[in-house]
Trainee: 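Can you keep this structure in mind? I'll have questions shortly.
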Number of protein chains: 2
Amino acid sequence: MAARVTMRDVAEAVGVSSMTVSRALRDDETVSAKTRARIQDTARDLGYVYDTTAQAFRTQKSGFVAVTLPSINNANFAETYRALSEAMAESGMQILLGATNYRLEKEEELVRQLLARNPQALVMTGGHHSDATRDLVRARGLSVIDMWDLPVDPLGHAVGFSYAEAMEKMVAHLVSTGRRKLAFVGASDGADQRGATRRDSAIAAAASRGLPPVAVLDAGPAPVSMRHGAAIAERMGRELLNFDAVLCVSDPVAFGVLSACRRLDIDVPGQLAITGFGHFEVAYTCEPRITTIDVSAHNIGVEVAHILDAIIAGDSERHRIDVGTRLVVGGTS
Amino acid sequence: MAARVTMRDVAEAVGVSSMTVSRALRDDETVSAKTRARIQDTARDLGYVYDTTAQAFRTQKSGFVAVTLPSINNANFAETYRALSEAMAESGMQILLGATNYRLEKEEELVRQLLARNPQALVMTGGHHSDATRDLVRARGLSVIDMWDLPVDPLGHAVGFSYAEAMEKMVAHLVSTGRRKLAFVGASDGADQRGATRRDSAIAAAASRGLPPVAVLDAGPAPVSMRHGAAIAERMGRELLNFDAVLCVSDPVAFGVLSACRRLDIDVPGQLAITGFGHFEVAYTCEPRITTIDVSAHNIGVEVAHILDAIIAGDSERHRIDVGTRLVVGGTS
DNA sequence: GGATAACATGTTACCGATATCACAACAAGT
DNA sequence: ACTTGTTGTGATATCGGTAACATGTTATCC
């Protein structure tokens, strides 16, 4: 392996100091146009490659933003990530991604790993963190953005929406179409904090309307997806007809339930309404289309990127952005 | 912002040299057990966080592996990434992820960005790269792994499977159930190289059996998903019945077509067979289940991780691994 | 013409970890 | 007692850039 070409090598070849090379390669106007051109040409000829590691070390600015997601295998989180990473690439920042698998302990371990890379900001999904995690970032004075949630006591900034408000809309819609006996299908454990919030919000919304208590159906440990929705619906079989409507923690789960109903010969929405959450592609492609809540995953990414730009530019104002939600009525309710 | 706690600070607090701290934190046996314990405790108490940037700089090993995926919003690629990143985290390596959006130009730009971070290896999805990309990595002498494809002339290692073999199985299956007039639904442009290969392989497999030419139905520019499958099927309407079977470039597309058939009152598989590719969750949850090819996305990630471990350990043997495919017959054929 | 400003480039000292060599203290072998 | 080896720790230089300040050189002005 040939020795690395450094700025010093370029400097010697051109006959200037390495400082001038450093300036020229960053297109610093104080270097005369002629010298700059000569340096840039020589750098190219020698096959010089800029060493970001050295730069990050010297300037103490890593050029990294750390992002944690519960799962990368979720179209909404993936979309937020996509929007975010495209915007950040324009700012010359790179994203360090980590998945928590919906576990707080994993998040803590991940944050520890990510912090070792000196990120300039940390974006986490959800406002729930372990004490150790909170201590870690506070000790660093690191800027934090919580996204997808609007926590009561955010560590820093927040971009998200209100689950309570969304579920309130959903329950109101179901009631307005005559449904009263509701069930909720979600994860059994509380690992998916946001899923649990949706469940609790649905229960509260039903209670406030004087409906009978919402039955909670356990689809297994988080994360739950299509197959878990299908499995629990098939396990319950025609007992599902004890309810007027099944609210699902997400569209994939709702789709699983819907598919199972097809196999069970349960008429949706005739005998049973089904609703989801998240406006996933499957919800608006399947037949009938699933009634759901659109959470504008893309906007969350865009807004987070804006805040990140401000943070990197040195702005210290604290932001809290509600991107809102939208009820999308399909053919399942 | 509080000043960063460095090894020197820990060293002073304990009363040893920073070299000893460095050794102790890496669990170097030459440091006496007592001193080591004292150092590790003090480091914790002071809230010391290891600075990977400095380490990367000094050792000239970034601890990064660069990975490019066509899209993060694809359950199979996401699964490969998950398997890969979990295995790499155990080796203390971090993944730098980039998405090419199925465009070679974007890949080139991405590789350029990623290389500036001095990755110790580069994993790319697919064996098709621009000349500039090839030159970039060759000039660096960087180890490369192509995954998902088994290119004829890989840049380095390869972990994948044969699309031709998979499509051959699929066509054989359709023929064995009496289907002869085939159509293929995929992207119009060639940007999704692997999708185009599946199409061409299907065409070849049909030709070799003396079937009538496969009709190619254009679902739009890559990437195509559920909604595009649904859209083109709805556009074609009952003209779909000119065919016995529709082979789709992926399960999501197949699901879109299947949903449209439901709306069009076309009986699947009675009047028309539908097949997908990739063994996505939707394929085995929906009703009827979609006939597909399982490509073991997880295994690809695991195998790539093994090769990466070998590369990082200094092994230079060239690997080429075929993870194979499996035909999964569902209710749509 | 001499003072001053504007411009172009160089010098030096780091950023935080670690490879390398040096060395002190003590044990074991002759 | 003296060499030799072992063990635990320290001093120093360095990885490749860049901030901050210093300096030399040319244009500009009264």
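To find a chain, count down the sequence lines: A is the first, B the second, and so on, and within it residues start at 1. All values below were derived from every heavy atom in this structure, side-chain atoms included, with hydrogens, water molecules and symmetry-related copies excluded. These numbers come from a predicted model, not from an experiment.
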Trainee: Please confirm whether A:Tyr81 and B:Tyr81 have ring centers closer than 6.0 angstrom.
Mentor: no
Trainee: Taking only side-chain nitrogens and oxygens of A:Gln60, does any of them come within less than 4.0 Å of OP1 or OP2 of C:dG16?
Mentor: yes
Trainee: For A:Ser22 and B:Ala33, take the nucleotide of DNA chain D holding the closest heavy atom to each; which residue's nucleotide lies nearer the 5' end?
Mentor: B:Ala33
Trainee: Pick base, sugar-phosphate or nothing for A:Met7, based on heavy-atom distances below 4.0 Å to the nucleic acid.
Mentor: sugar-phosphate
Trainee: Would you say D:dG17 has OP1 or OP2 under 4.0 Å from some side-chain N or O of A:Tyr48?
Mentor: yes
Trainee: Between atom CG in B:Asp51 and atom P in C:dC14, what is the gap in whole Å?
Mentor: 18 Å
Trainee: Hey, what's the ring geometry for A:Phe77 with A:Tyr102, parallel, tilted or perpendicular (30° and 60° as the breaks)?
Mentor: tilted
Trainee: NA contact type, B:Arg26, heavy-atom cut-off 4.0 Å: base, sugar-phosphate, or nothing?
Mentor: sugar-phosphate
Trainee: Could you state the atom-to-atom distance from CG of B:Asp28 to C1' of D:dG10 in whole Å?
Mentor: 14 Å
Trainee: Would you call A:Asp51-A:Arg58 a salt bridge at under 4.0 Å N-O?
Mentor: no
Trainee: Would you mind reading off the distance between B:Arg58 atom CZ and C:dC14 atom C1', rounded to a whole angstrom?
Mentor: 16 Å
Trainee: Checking all strands, does A:Thr35 fall into the base, sugar-phosphate, or nothing category for heavy-atom contacts under 4.0 angstrom?
Mentor: sugar-phosphate
Trainee: Using whole Å, what does the distance between atom P of nucleotide D:dG8 and atom CZ of B:Arg36 come to?
Mentor: 9 Å
Trainee: Please state how far atom CG in A:Asp27 lies from atom P in C:dA8, giving the value in whole angstrom units.
Mentor: 14 Å
Trainee: Mark yes or no for a side-chain to base donor-acceptor pair under 3.5 Å between A:Arg23 and C:dG10, with no hydrogen or angle criteria applied.
Mentor: yes
Trainee: Whole angstroms only, please: what is the NZ-C1' distance between A:Lys61 and D:dG16?
Mentor: 18 Å
Trainee: Check A:Arg103 with A:Asp189, please: is the shortest side-chain N to carboxylate O separation under 4.0 Å?
Mentor: yes
Trainee: Determine the contact category for B:Ser32: base if any of its heavy atoms lies under 4.0 Å from a base atom, sugar-phosphate if only primed atoms, P, OP1 or OP2 are that close, otherwise nothing.
Mentor: sugar-phosphate
Trainee: If you compare every side-chain N and O of B:Gln55 against the phosphate oxygens of C:dT18 (OP1, OP2), does one of them come in below 4.0 Å?
Mentor: yes
Trainee: Over how many whole Å does the gap from B:Glu29 atom CD to D:dT7 atom C1' extend?
Mentor: 13 Å
Trainee: Testing the basics here: between B:Gln94 and A:Gln113, what is the closest heavy-atom pair and its distance to 0.1 Å?
Mentor: NE2-O, 3.8 Å
Trainee: Give a yes/no answer on whether the side chain of A:Thr20 brings an N or O atom under 4.0 Å of OP1 or OP2 in C:dG10.
Mentor: yes
Trainee: Report the distance from atom NZ of A:Lys34 to atom P of C:dC7, rounded to the nearest whole Å.
Mentor: 17 Å
Trainee: Assuming nearest nucleotide by heavy-atom distance, tell me which of A:Arg8 and B:Met19 is located more 5' along DNA chain D.
Mentor: B:Met19
